[in-house]
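Since the structure comes first, as structure tokens, the remarks are kept for the end.
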Amino acid sequence: MSSEMNLTLKDEQDTIRLGAQLASIIHAGLVVYFCGQLGSGKTFLVRALFRALGYQGPVKSPSYTLLESYVISRLNFYHFDFYRFKDPYEWEDVGFRQYFTPSAVCLVEWPEKAQGLPRPDIDVAIFLTGEAREVRVRGLSATGQRALAKLENARN
């Protein structure tokens, strides 16, 4: 069972607003996947989420480092990017499973490049459509569905 929300982001301000809305439902234990082609705005959306939580430091894409960690509002955030993986089991070989705990928030870009990842609570898919982006946000667990219902209520 899943719940779903579809949005059109016309510009950067719409993406920043979505980041703030996602920030309002973030809590310890969430696993959020960010899917979309190169340049679709995955890292920009994560950066907007962090800014909405009050983080002022640099938010780097983890494309080369694979993992960037942050402590924001007493939450441990782990931002992964598996784009450069050649083998879908590399994420286990480098010991990333240890970060997926009930006390952490894991944000994963390019999850399709890694096999055996914990199932996401929320899946954010971004599709380029000319100048705009179409975004599908799905709640894929009971926790994710509750968070998405809260997000939809806040938007109405």
Side-chain angles (χ1 to χ4, degrees), residues 1-37 40-57 59-62 66-83 88 91-92 95-129 132-156:
M1 177 193 268
S2 71
S3 54
E4 185 172 308
M5 183 171 64
N6 294 289
L7 309 160
T8 299
L9 306 178
K10 295 182 176 124
D11 55 26
E12 286 185 356
Q13 288 306 309
D14 284 349
T15 305
I16 290 168
R17 275 189 288 281
L18 177 58
Q21 292 164 351
L22 289 172
S24 75
I25 62 169
I26 291 293
H27 59 82
L30 274 183
V31 175
V32 183
Y33 285 3
F34 293 87
C35 303
Q37 66 194 79
S40 63
K42 297 178 295 293
T43 301
F44 188 87
L45 182 56
V46 170
R47 186 175 297 118
L49 185 158
F50 285 169
R51 293 286 182 252
L53 290 171
Y55 185 76
Q56 297 303 312
V59 179
K60 299 180 282 184
S61 171
L66 305 178
L67 167 65
E68 293 289 337
S69 61
Y70 305 86
V71 177
I72 307 169
S73 301
R74 291 186 252 159
L75 284 174
N76 291 313
F77 284 84
Y78 300 106
H79 182 196
F80 299 91
D81 185 326
F82 298 138
Y83 177 72
W91 86 276
E92 290 229 28
F96 286 156
R97 185 174 292 280
Q98 70 182 347
Y99 294 99
F100 290 80
T101 67
S103 63
V105 178
C106 291
L107 309 174
V108 182
E109 294 186 38
W110 297 97
E112 64 274 16
K113 297 275 206 163
Q115 285 290 333
L117 284 173
R119 184 174 161 87
D121 297 296
I122 299 171
D123 178 70
V124 179
I126 305 171
F127 306 94
L128 294 172
T129 56
R133 273 120 171 101
E134 297 297 324
V135 178
R136 181 190 68 221
V137 182
R138 295 185 297 166
L140 298 177
S141 69
T143 299
Q145 290 170 9
R146 283 190 299 275
L148 191 56
K150 181 179 172 185
L151 177 63
E152 287 183 291
N153 287 337
R155 288 179 54 83
N156 295 329

Just so I know, are the side chains of Phe82 and Val108 near enough to count as touching, which here means a heavy-atom distance under 4.5 Å? yes

Output for pair (Glu134 CD, Thr129 OG1), nearest 0.5 Å, gives 4.5 Å

Report yes if some heavy atom in the side chain of Phe100 is under 4.5 Å from a heavy atom in the side chain of Phe80; otherwise report no. yes

So the ring pair (Phe, Tyr, Trp, His ring centres under 6.0 Å) pairs with at least one residue in residues 107-126 (sequence neighbours excluded) are Tyr83-Trp110

By side-chain contact (heavy atoms from CB on, under 4.5 Å), Glu92 pairs with (sequence neighbours left out) Arg97

Subject >> Beyond-backbone contact of Asp121 with Leu140, side-chain heavy atoms, under 4.5 angstrom >> reply: no

Could you tell me whether the side chains of Ser3 and Gln145 share a donor-acceptor contact shorter than 3.5 Å? no

Side chain to side chain donor-acceptor pair (under 3.5 Å) pairs touching residues 24-34, sequence neighbours excluded, are none

Only distances under 3.5 Å count here; give the side-chain donor-acceptor pairs of residues 13-21 to other protein atoms, sequence neighbours excluded, each with its distance to 0.1 Å.
from: Asp14; atom 1: OD1; to: Arg17; atom 2: NH2; distance (Å): 2.4
from: Asp14; atom 1: OD2; to: Lys10; atom 2: N; distance (Å): 2.8
from: Thr15; atom 1: OG1; to: Asp11; atom 2: O; distance (Å): 3.4
from: Gln21; atom 1: OE1; to: Arg155; atom 2: NH1; distance (Å): 2.8

The reported gap from OG in Ser141 to CZ in Arg146 (rounded to nearest 0.5 angstrom) is 7.5 Å

Between the CG atom in Leu30 and the CG atom in Leu107, the distance rounded to the nearest 0.5 Å is 9.0 Å

Residues at least two apart in sequence or cross-chain that pass side-chain contact (heavy atoms from CB on, under 4.5 Å) with Gln37, listed by chain then number, are Ser40, Leu128

Residues at least two apart in sequence or cross-chain that pass ring pair (Phe, Tyr, Trp, His ring centres under 6.0 Å) with Phe77, listed by chain then number, are Phe50

Practice prompt. Using the six-membered ring wherever Trp is involved, compare the ring planes of Tyr70 and His79 and label them parallel, tilted or perpendicular (cut-offs 30° and 60°).
Written response: tilted

d(Arg138 CZ, Asp123 CG) to nearest 0.5 Å is 4.5 Å

In this structure, CD of Glu109 is separated from CG of Leu66 (nearest 0.5 Å) by 11.5 Å

(message) Between Asp81 and Lys42, does any NZ, NE, NH1 or NH2 come within less than 4.0 Å of an OD or OE carboxylate oxygen?
(response) no

Legend entry - Check: Arg47 side chain, Val59 main-chain N or O, donor-acceptor pair, under 3.5 Å: yes

dist Asn6:CG -> Arg136:CZ (nearest 0.5 Å) comes out at 7.5 Å

